[in-house]
Amino acid sequence: MAASHPPTVPQICATFGNDPTRLVDIARQVQETYGHVGPASIDAIGRALRIPRVEVESLVTFYSFLSKQPKGRVVIRLCNDIIDRMHGFDQVLAAFTAELGIGVGQTSSDGITLETTACIGLCDQAPAALVNDVPVTELNSDRARQIVRELRKHMDPKQLVTKLGDGNNAHELVRSMVRNNIRRHSDAEGGDNGAEPRIVLSPHAPPEALRKALSISPAEVIRAIKTSRLRGRGGAGFPTGIKWEFTRAAPGARKVVICNADEGEPGTFKDRVLLTERPDRVFAGMTIAGYAIGAHEGILYLRAEYAYLRPFLEMVLQRRRQAGLLGPDLLGKGKHTFDIRIQMGAGAYVCGEETALITSCEGRRGDPKNRPPFPAQRGYLGLPTTVNNVETLCAVTKIMEEGSATFCEHGSKQSSGTKLLSISGDCLRPGVYEVVFGTPLRRVLAMAGAENAAAVQIGGPSGQMVGRDHYDRTICFDDLATGGAMMVFGPQRNLLEVVHAFLDFFADESCGFCTPCRVGTVQLKRLIEKVMAGRGEPADLETMEQIGRTMKTASRCGLGQTAANPVLSTLKNFRPVYMGLVHTDPDGYRRGFDLEGAVRTSETLTGRASIHV
Amino acid sequence: MAKPRIATTSLAGCFGCHMSLLDIDDRILQVAELVDFDRSPIVDFKRITARCAIGLIEGGCCNEENVEVLRHFRKNCDVLVSVGDCATMGGIPALRNLVPLEECLREAYLEGPTVHNPERRMPDDKELPLLLDKVYCCHEVVKIDYHLPGCPPSADTIFRALVALLSGKQVDLPYGLIKFD
Ligand SMILES: Cc1cc2nc3c(=O)[nH]c(=O)nc-3n(C[C@H](O)[C@H](O)[C@H](O)COP(=O)(O)O)c2cc1C
Ligand code: SF4
Ligand code: SF4
């Protein structure tokens with residue numbers, strides 16, 4: 001073997017055909033090879049791809065997994081999600097900083113970088129971190145110190161995994177300590193509960209769904225999906241059959257299916273489990289969608305945090321090609337050609353939003369696009385595109401296997417079938433639950449061992465916070481709609497701390513394009529800080545509501561439109577928490593104005609105390 | 001019945017707003033018929049002597065004394081009006097908010113290219129009120145009831161607003177008086 005020089009930047013560009021639409025992949029590989037995408041690399045990429053260097057630079061600064069500054073050979077990304085904070089984040093972080101002798105964002109002399117990151121999809125086994133691509137779960141301060149010591153010996157994150165998780169987490173291509181935590185109702189309710197349907201989680205015999213789909217016409221497939229009344233599971237709940245029909249009807253011979261596996265909504269981890277345990281369902285669903293809308297190419301957009309699943313998923317794709325389930329002639333029927341590639345994300349919540357996701361697939365920074373045109377009309381590279389969530393596509397396969405009627409037996413008219421819930425926080429049995437639509441929240445909480453919950457965040461930060469008087473409401477699109485996240489908070493938790501953490505998240509993840517979102521998130525955060533510090537006034541609550549309304553109506557994409565929800569829903573459902581903290585000053589002085597703090601610098605500079613404080 | 005009293009002050013402002021108040025020309029006589037002036041640069045009382053119906057504030061707060069005066073006004077006036085852009089938004093003085101206070105003073109008194117200060121002293125005389133870390137607009141410090149935009153608000157704007165307040169009628173400020181595009 002020749003001396004192994006790492007590939008040069010132009011060589012990396014060449015492996016992607018110097019194609020600007022693959023810029024995310026190129027930048028990721030440069031990052032991996034050199035530990036950063038520095039100014040020289042940015043120049044080189046710009047030249048090779050014949051694009052302005054500023055385009056490369058703005059992409060590098062956009063994604064959290066890319067950096068202009070050099071990073072260590074090993075990067076520890078500790079999840080700072082609220083659930084992790086409730087489970088000892090502070091102690092773990094303190095242990096990491098003490099053992100490494102560095103602060104967050106710094107690199108130790110032996111090449112270990114310490115960072116914090118938004119939710120990595122492991123709330124059911126928090127606190128968790130990624131060490132390069134390798135997830136390490138259920139951390140405590142001992143384990144954190146041990147990790148650093150071990151890394152110093154071998155600098156190989158893979159060796160940190162000693163005990164493998166269940167199911168495919170133990171597969172030789174995954175070898176991860178992550179556990180699926182797939183729960184059954186009977187865990188809580190005892191005995192064999194007859195009413196425990198498994199749809200998306202049911203075992204999957206690969207050829208079945210696809211064979212049935214190919215035995216009918218694409219129009220019939222779409223009709224079957226429409227009859228099933230399947231609605232998108234990614235959050236927005238758009239009817240899948242109608243989306244497919246639009247895409248099929250859009251002019252153009254080349255169309256695209258994208259599976260949204262970005263799963264960035266904090267508290268959501270059900271797609272992680274589907275990708276680990278039901279990848280064939282996901283890929284079969286994409287293939288069926290391709291057949292139905294007349295697309296020959298599919299893209300699985302996999303969030304950077306799930307990179308540890310990639311080799312396994314590539315293997316599954318390869319196995320499907322060999323079995324004729326993907327490739328030039330599906331099942332040898334001479335009817336359809338379809339293949340799938342995996343597009344890695346690079347760390348950006350907004351890329352879960354479908355137009356931003358498409359922009360990211362095109363190799364650009366993940367800015368959302370204006371609509372119309374909708375992706376079904378002009379999506380990836382301007383081609384008609386269907387974007388569906390992982391779980392939606394799994395449901396498609398089940399509808400093909402057993403028919404629409406069977407699928408509709410579960411749930412209600414507006415919400416047919418089942419929903420996967422990712423439950424975490426103050427509960428005995430965190431994990432993934434499949435429940436039929438229409439299940440009351442109270443029952444879900446009982447299953448998870450969370451009867452004591454004081455508040456539940458439904459649908460992640462972009463959803464809503466509900467309290468005890470809402471527990472008889474049901475999980476469905478017309479009532480408690482959710483993309484799957486359910487965070488449970490016990491009576492001991494400070495809800496404003498939760499709200500603050502969510503606002504912090506949104507302020508960080510806003511792409512910055514529009515003012516209501518960019519500025520509104522920060523203003524809300526400041527106001528919450530003011531209220532938490534006991535310096536709020538009733539008028540501040542009105543201001544928050546006003547800012548929230550503006551953000552809802554004037555933001556361009558779903559991120560800004562929902563970013564005020566933590567504030568708005570707690571102001572609505574938990575107003576007494578706020579009212580206990582805000583006061584009006586009898587003299588009309590602003591309680592938020594801190595004279596003492598405002599003169600502190602002057603006092604230091606002049607060496608003289610204020611006479612007014 | 002005694003006439004309602006009115007007080008005015010200039011905090012971190014340039015007195016432009018007060019000039020604009022004087023610019024109502026002989027209408028000041030109409031105002032004087034309606035009100036008595038209490039503490040104001042126009043009459044030079046230092047403190048408010050009796051409860052006032054209206055307080056007019058020019059300028060925001062850049063130092064501790066501004067805060068003290070503004071609070072004094074809030075305590076002693078029924079209605080407080082922020083007059084002009086400095087009072088309502090910080091205005092020109094708030095440009096210093098872009099630079100941290102210490103850096104600002106260093107540049108002004110120690111390091112600026114034209115500074116001659118062999119003792120390297122920052123202004124520290126005890127007669128000088130301490131500067132705040134930044135310039136605050138009035139409603140950040142106390143509750144403000146009305147805001148009059150403009151730099152300065154025109155004499156007409158101030159006059160109409162005053163008459164409306166004193167007569168308890170709704171103030172009628174045509175577009176041209178409050179929009180400057
Ligand atoms: C900020 C933001 C983040 C989103 N993140 C995701 C995500 O991680 N996964 C997902 O499937 N949908 C996500 N969505 C919803 C997608 O835009 C889109 O509606 C969905 O992928 C469509 O698939 P479905 O119809 O199968 O649900 C997000 C939306 C917004 C506004
Ligand atoms: S709403 Fe926020 S995330 Fe969406 S486009 Fe505007 S700034 Fe970007
Ligand atoms: S608003 Fe204009 S006129 Fe009034 S004090 Fe400020 S700078 Fe002077």
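Computed from a predicted structure; not experimentally measured. Note on naming: letters A, B, ... go to the chains in the order of the sequence lines (proteins, then strands), and numbering restarts at 1 for each one.
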Please classify the contact between B/L105 and chain A as side chain, backbone, both or neither, with a heavy-atom cut-off of under 4.5 Å. side chain

Please step through side chain to side chain contact (heavy atoms under 4.5 Å, CB included) for the pair B/N63 and A/V599, ending with a clear verdict. CA-CA 8 Å; B/N63 64 33; A/V599 292; over 6 Å; no

So which atom in B/L130 and which in A/R608 form the shortest heavy-atom distance, rounded to 0.1 Å? CD2-NH2, 3.7 Å

Minimum heavy-atom distance between A/R590 and B/E140, given as atom pair plus value: CB-O, 3.2 Å

Tell me the closest heavy-atom pair linking A/I611 and B/E64, and the distance in Å. N-OE1, 3.6 Å

Does the side chain of B/L70 come within less than 4.5 Å of A/F593's, by heavy atoms? no

Most heavy-atom pairs under 4.5 angstrom with chain B, which of A/S610, A/A598, A/S602? A/A598

Report which part of B/V141 has an atom under 4.5 Å of a heavy atom belonging to chain A: side chain, backbone, both, or neither. both

Answer yes or no on whether B/R71 is positioned over the face of A/Y589, meaning its NZ or CZ is under 6.0 Å from the six-membered ring centre and within 45° of the axis. yes

In this structure, are over 12 heavy atoms from other groups packed under 6.0 Å from B/F37 atom CZ? yes

Interface moiety of B/P100 toward chain A, non-hydrogen atoms closer than 4.5 Å: neither

Does B/D125 reach the side chain of A/T606, with side-chain heavy atoms less than 4.5 Å apart? no

Under a 4.5 Å heavy-atom cut-off, does chain A meet the side chain of B/K126, its backbone, both or neither? both

